[in-house]
Amino acid sequence: MYLSASNSVKPLVLDKDAKTHLDSSDGRPYAGCYVNAIVDIWVQDNNFGKRINASLRGVQFVKDGDAFSGGGAATEDEFADLAVPDSDADEDFSDLI
């Protein structure tokens, strides 16, 4: 099971001691670690539809776990070289789409 939660306001992110604030430079939390999370769950029944929503309010790092792989940034090797000499500027690239 999983829960997808978001918030337009940056959630509180704390270390084990519940006092030390963490940010991305700390490397915690990460996908696969154990956390305590505070999530507000609420129902919506209005002109925008009927559904169940979740808002992430805060996360506390608890302990290390097996990090999930993937999700990294793309590298230059994953892209094709599309540079075209000036004489071929009108070449049709529709086959690349």
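Everything quoted here is computed from the prediction, not taken from an experiment.
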Item to check | Audit row: Leu14, Lys19, side-chain contact (heavy atoms from CB on, under 4.5 Å) steps and yes/no | outcome: CA-CA 6 Å; Leu14 298 175; Lys19 296 176 185 167; over 6 Å; no
Checklist entry - Closest heavy-atom contact between Gln60 and Lys16? => result NE2-O, 2.9 Å
Next on the checklist: Please determine whether side-chain contact (heavy atoms from CB on, under 4.5 Å) holds for the pair Asn36 and Val59, giving the CA-CA distance in whole Å, both sets of side-chain angles, and the decisive distance to 0.1 Å.
Outcome noted: CA-CA 6 Å; Asn36 290 325; Val59 174; over 6 Å; no
Item to check | Residue pair Asp64 / Tyr34: nearest heavy atoms and the distance that separates them | outcome: O-CD1, 3.7 Å
Next on the checklist: Tell me if the CG atom of Asp23 is crowded by more than 12 foreign heavy atoms within 6.0 Å.
Outcome noted: yes
Item to check | Stepwise side-chain contact (heavy atoms from CB on, under 4.5 Å) check, Arg57 with Asp40 | outcome: CA-CA 7 Å; Arg57 293 187 46 224; Asp40 283 339; 2.8 Å; yes
Item to check | Between CD1 on residue Ile38 and CG on residue Leu12, distance to nearest 0.5 Å | outcome: 7.5 Å
Checklist entry - Are any non-hydrogen side-chain atoms of Val13 and Pro29 less than 4.5 angstrom apart? => result yes
Checklist outcome for this item: Of all heavy-atom pairs linking Ser4 and Ala54, the shortest is O-CB, 3.8 Å
Item to check | Enclosure of Ile52 CD1 (heavy-atom neighbours >12, cutoff 6.0 Å) | outcome: no
Next on the checklist: Could you check whether Thr75 and Asp77, counting side-chain N and O atoms only, form a donor-acceptor pair closer than 3.5 Å?
Outcome noted: no
Checklist entry - Does the side chain of Arg28 come within less than 4.5 Å of Asp15's, by heavy atoms? => result yes
Item to check | Contact summary for Gln44 and Asn53, nearest pair of heavy atoms | outcome: OE1-ND2, 3.0 Å
Checklist entry - Where do Asn7 and Leu56 come nearest, in terms of heavy atoms and distance? => result ND2-O, 3.0 Å
Checklist entry - Does Ile41 share a hydrophobic cluster with Val35, counting links as ILVMFWY side-chain heavy atoms below 4.5 Å and allowing steps through other members? => result yes
Next on the checklist: Minimum heavy-atom separation for Tyr30 and Gly65, please, with both atom names.
Outcome noted: OH-N, 3.0 Å
